[in-house]
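Notes to accompany the following structure.
Below, chain A is the first sequence line, B the second, and so on; all start at residue 1.
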Amino acid sequence: LSDSHKHKDKYKEKEHKHKDHRKDKEREKSKHGSRYGSSSEKKHRDKEKERMKHKDGSTDKHKEKKKEKMRSLDGKVKKEKENGFASPQHVKSEPEDNFYYSPKYEKSLKRQRDDDDETQFLFPFQDIKSKKTKNKKGEVLDGKKKAKKEPEEKWKWWEEERYTDGVKWKFLEHKGPVFAPPYEPLPSHVKFYYDGKPMKLSLEAEEVATFFAKMLDHEYTTKDIFRKNFFKDWRKEMTAEEKSKITDLTKCDFTEMSEYFKAQSEARKAMTKEDKQKIKEENERTLQQYGFCIMDNHRERIANFRIEPPGLFRGRGDHPKMGMLKRRIRPEDIIVNCSKDSKHPEPPPGTRWKEVRHDNKVTWLVSWTENIQGSIKYIMLNPSSRIKGEKDWQKYETARRLKKCVDHIRNQYREDWKSKEMRIRQRAVALYFIDKLALRAGNEKEEGETADTVGCCSLRVEHISLYPEKDGQEYVVEFDFLGKDSIRYYNKVPVEKRVFKNLQLFMENKELDDDLFDRLNTSILNKHLQELMDGLTAKVFRTYNASITLQQQLKELTNVEENIPAKILSYNRANRAVAILCNHQRAPPKTFEKSMQNLQSKIDAKRDQLADAKRELKSAKADAKVRKDEKSKKAVETKKKAVQRVEEQLMKLEVQATDREENKQIALGTSKLNYLDPRISVAWCKKWGIPVEKIYNKTQREKFAWAIDMADQDFEF
DNA sequence: AATTGTACTTAGGACATAATTG
DNA sequence: CAATTATGTCCTAAGTACAATT
C-alpha cells in the first residue's frame with residue numbers, strides 16, 4: 001500500500017520528459033496520421049530476435065465460428081420463443097397515467113417460464129448450476145396476485161427468458177432527451193474588461209467567456225494548453241470586431257463575471273425552503289416525464305436523459321484538448337432510436353431531429369456526436385434496468401466460467417514463456433501481468449488526441465524497471481505508469497525467472513519510448529483468449545480476480561465471534577484488498593487530516609469515559625460487598641452495563657478510525673459496482689445475518705436486485 | 001492486416017443531500 | 001438549530017471490445 005501512494009504531480013514531471021521526447025519521434029513517424037500512429041514501424045527493430053521467430057501459421061482458422069453458434073452448444077434455452085412476448089409489443093396506456101405495467105402480459109410470461117422449469121434461470125450461453133431456483137417461484141406468484149394495481153411491483157426480469165439473437169428489445173418508447181437550458185445573458189451591470197476597459201460582448205462570445213469565468217478558481221485555467229485551446233475556440237465564437245480587438249487572453253478580466261456566479265450560487269444555497277421544494281418538485285416532474293422509457297412492456301429508468309450542456313472540456317490528466325469548447329447540442333444533432341410503432345418523441349417546436357431510427361440491435365435511446373473527440377455519446381438505461389442487469393449478470397457468469405479453466409490457461413501461458421516465437425512469448429508475459437496484476441488490456445490510443453496513458457499491451461519500455469535483486473527479493477519488476485484516467489500505477493513485484501528473462505529480451509535494443517510488447521496488441525491477445533474460452537477477453541481476468549479475491553478474503557477475514565460492525569470492517573477490508581488489486585484510487589478527501597483528528601479526540605474522550613465508568617463500577621462493587629443489600633447489587637449491574645456500553649462505543653469508534661485511515665486514498669465504490677459479483681456479498685450477508693443494507697445502499701440494491709433475490713448463503717463464485 | 005466506426009462498461013471527481021454533532 | 005461531516009448522486013471522460021471498411 002505504502003508504495004502505491006499517489007504522487008501525481010511529482011510523477012508528471014518525470015513523465016513529461018519522456019513524453020516530449022516521444023512526441024517528436026511519433027510526429028515524425030506518422031505524418032500520414034492514422035488512428036494509432038504507425039504500428040508497423042515498431043516491428044522492424046527486432047531483426048536480431050528473428051531467430052526466435054518462426055512461421056506464423058498457427059492461427060486456428062477453424063475456431064472462427066460465430067459466438068452464437070458456440071453458445072447454442074452448451075446453452076440449454078435455445079428452443080425459446082423470442083423473449084416470450086406473445087402479446088402486443090407495446091403498452092397502449094397513455095404516459096400520463098404512469099402505468100406501463102400490465103399484469104396480463106406478465107401472466108403469459110410466467111406461464112411460459114414455468115413450462116421451461118429446469119432452465120428458467122440459466123443463461124443460454126453457459127452452464128450454471130441452478131439449484132436455488134425452485135423455492136423462489138412460490139413467492140413470486142404470490143407477489144403477483146396481490147400486485148394488481150401496483151405498477152411499482154418489482155419486475156423480476158431475471159426469472160425470464162432472454163433474447164439470444166442480438167435483439168435487445170421488441171418495443172421501445174420514450175420522450176427523447178432533455179436539452180440544456182438556453183444561455184441566459186448576463187445582467188448589464190456585470191461587465192467584462194479587456195485591457196482594463198469594459199467591453200460588451202456578443203451573446204455567443206459572452207457565453208463562452210462565462211464558461212471560463214466559472215472556472216477561474218480552478219488551477220487548470222492557469223495551464224498553458226488549457227488557455228491556448230480555450231482562447232482559440234473562444235475566438236471562433238467572436239464577431240469580427242471582437243476578434244480584432246481581443247487578441248491576448250492575459251488582458252481579459254473575467255473577475256466580475258466570476259463574482260457574479262459565485263453570488264448566484266450563494267443565493268441558490270440561501271433560497272427559502274419553499275423555493276427549494278418547488279425546484280425539487282419541478283425536477284421530479286421532469287424525471288417522471290423524461291427519466292423513464294417503456295421497453296418491452298416495462299417502464300424503466302433512463303440513466304442520463306439530460307443532454308450534456310456546453311462548456312469547456314476538461315479531460316483527465318495531461319490532456320492535449322483541455323480548454324476546448326464543448327459545443328451546445330441541438331435537436332438537429334440528435335439521433336433518436338425507438339420502435340417504429342411507438343409514439344415517437346417530439347423535437348422542440350420549430351426544430352427537427354437529425355434522424356429517427358428503429359434499431360433494436362442496440363440499447364441506446366438517443367445519440368449524438370461530440371465535438372472534442374468526435375465520439376458518439378448515448379443515452380441509455382439505468383443499471384437497474386433489465387437490459388443492463390442481464391449484461392452484468394452475464395459478465396459474472398463469464399468470469400465464473402473462467403474460474404473453471406483458469407488453471408489450464410495459467411499452465412498454458414507458462415509454457416508459452418518458452419515458445420520459440422517472440423509474439424507468443426510476449427502474449428504469454430502480457431497475459432501473466434493481466435492475470436497476476438489485474439492490469440487493463442491496453443488498447444492503442446490516438447497519439448496527441450488524448451492523455452498519454454497505457455494499459456498492459458501498450459506498456460512502453462520506460463514504464464518498467466528490472467531488478468535482478470531488490471529488497472531481498474529476486475527478479476523484481478517495478479511498474480510505474482499512468483493508467484486509465486491518468487491514475488498512476490506503481491508496483492514492485494517479484495516475478496518468475498522466465499518472465500524476467502523474457503522482459504530483458506523484449507527490452508533489448510529498444511528506446512525508452514518503444515513498446516514493450518511490440519508484437520502484441522489487444523486484438524491479438526483477445527483473439528487468443530477467445531480460443532481458450534468462449535467469451536474470454538482480457539477484461540474478464542479483472543472481473544474474475546476481483547471477485548475471487550473478495551470471496552477468499554471474506555472467508556479469511558470474517559470472524560464468527562465478532563459483532564456486526566466488526567464484521568463489516570472485515571467486509572470493507574476484503575473490498576479494499578480488491579480495490580488495491582485493481583488500483584482504484586481516489587484523491588485523499590480535502591478534510592481528511594482534520595476529520596481524522598476529530599475522530600481521534602473523540603476516541604480519547606471515549607477512553608476517559610470508559611475509565612470513569614470502570615472506576616464507578618469498582619466502587620459500586622466495593623460498596624455492594626460491604627452493604628450486601630439489593631439496592632447496591634442493582635447499582636453494580638447498572639454500572640456493569642454502562643461499562644459494556646461505553647466499551648462497545650469505543651470499539652465502534654476505533655473500528656471507524658482504522659477503516660477510514662486504511663481508506664484514505666482507496667476508492668471502494670468502483671470495485672463494488674463493477675467488479676465484485678454481488679452474489680458473493682449477498683451470500684456473505686445472509687450467512688452472517690448482516691442486513692444487506694449495511695453493504696449496499698438503495699441505488700446499489702436496485703442495481704443488484706437480481707443478486708439479492710437470487711443468491712442464498714451457500715452461493716459460491 | 002490496418003484502419004475506422006460503434007456500442008457499451010468502467011472511472012474519479014464535483015456537487016447535492018442527509019446525518020450527525022456541538 | 002446551525003455547522004460540520006459523511007454519503008449518495010450526477011456527470012461525463014476514458015476505457016474495452018468488436019464490427020465494418022479499406
- Message: Measure CD1/A:Ile666 against P/B:dG12 and give the value in whole Å, please.
- Response: 10 Å

- Message: Using the ring centroid of each side chain, check whether A:Phe305 and A:His174 are separated by less than 6.0 Å.
- Response: no

- Query: Nearest-Å distance, NZ (A:Lys703) to P (C:dG8)?
  - Reply: 15 Å

- Query: Would you say the side chain of A:Lys326 lies within less than 4.5 Å of the side chain of A:Asn371, judging by non-hydrogen atoms?
  - Reply: yes

- Salt-bridge contact A:Glu281-A:Lys278 (side-chain N to carboxylate O under 4.0 Å): no

- Item | Under 3.5 Å side-chain donor-acceptor pair for A:Asp534 and A:Gln530 | yes

- Message: In this structure, how many angstroms lie between the P atom of C:dC10 and the CG atom of A:Asn697, rounded?
- Response: 11 Å

- Separation of A:Asn521 atom CG from B:dA1 atom P, in whole Å? 11 Å

- Task: Mind calculating the distance between CG (A:Leu581) and P (B:dA11) to the nearest angstrom?
- Result: 12 Å

- Side chain of A:Arg301 - closest among B:dG13, C:dG8, C:dC10: C:dC10

- Length of the CE-C1' vector between A:Met380 and B:dT9, whole Å: 9 Å

- Message: As a test of reading the structure: which of B:dC8, B:dG12, B:dT10 is closest to the side chain of A:Ile487, going by heavy atoms?
- Response: B:dG12

- Item | Carboxylate-amine/guanidinium contact A:Arg401 A:Glu397, below 4.0 Å | no

- Message: Using the side-chain heavy atoms of A:Thr699, tell me which of these nucleotides is nearest: B:dA11, B:dA7, C:dT9.
- Response: C:dT9

- With a non-hydrogen cut-off below 4.0 angstrom, is A:Tyr378 in contact with a base, only sugar-phosphate, or nothing? base

- Query: Starting at the 5' end of DNA chain B and moving along, which residue's nearest nucleotide shows up first, A:Ser671 or A:Ser367?
  - Reply: A:Ser367

- Between atom CG in A:Asp359 and atom P in B:dT6, what is the gap in whole Å? 12 Å

- Item | NZ on A:Lys698 to OG on A:Ser384, rounded to 0.5 Å | 10.0 Å

- Presence of A:Thr363 side-chain N/O under 4.0 Å of B:dC8 phosphate oxygens OP1/OP2: yes

- Query: What string of B, S and - do you get for nucleotides 15-22 of chain B, 5' to 3', when a contact is any protein heavy atom under 4.0 Å?
  - Reply: ------S-

- Task: Between protein and nucleotides 12-17 of chain C, map the contacts as a letter string: B base, S sugar-phosphate only, - none, heavy atoms under 4.0 Å, written 5' to 3'.
- Result: BSBSBB

- Return yes if some donor-acceptor pair links the side-chain N/O of A:Asn304 with the main-chain N/O of A:Tyr378 below 3.5 Å, else return no. yes

- Do A:Phe313 and A:His319 have ring centroids that are under 6.0 Å from one another? yes

- Separation of A:Gln394 atom CD from B:dT9 atom C1', in whole Å? 13 Å

- Sequence neighbours excluded, every pair satisfying salt bridge (charged side-chain N to carboxylate O under 4.0 Å, His left out) that has a member inside residues 357-374 of chain A: A:Glu355-A:Arg357

- For B:dA7, take OP1 and OP2 only and decide whether either is under 4.0 Å from a side-chain N or O of A:Lys168. no

- Item | Short side-chain to backbone donor-acceptor contact, A:Ser265 and A:Lys262, under 3.5 Å | yes

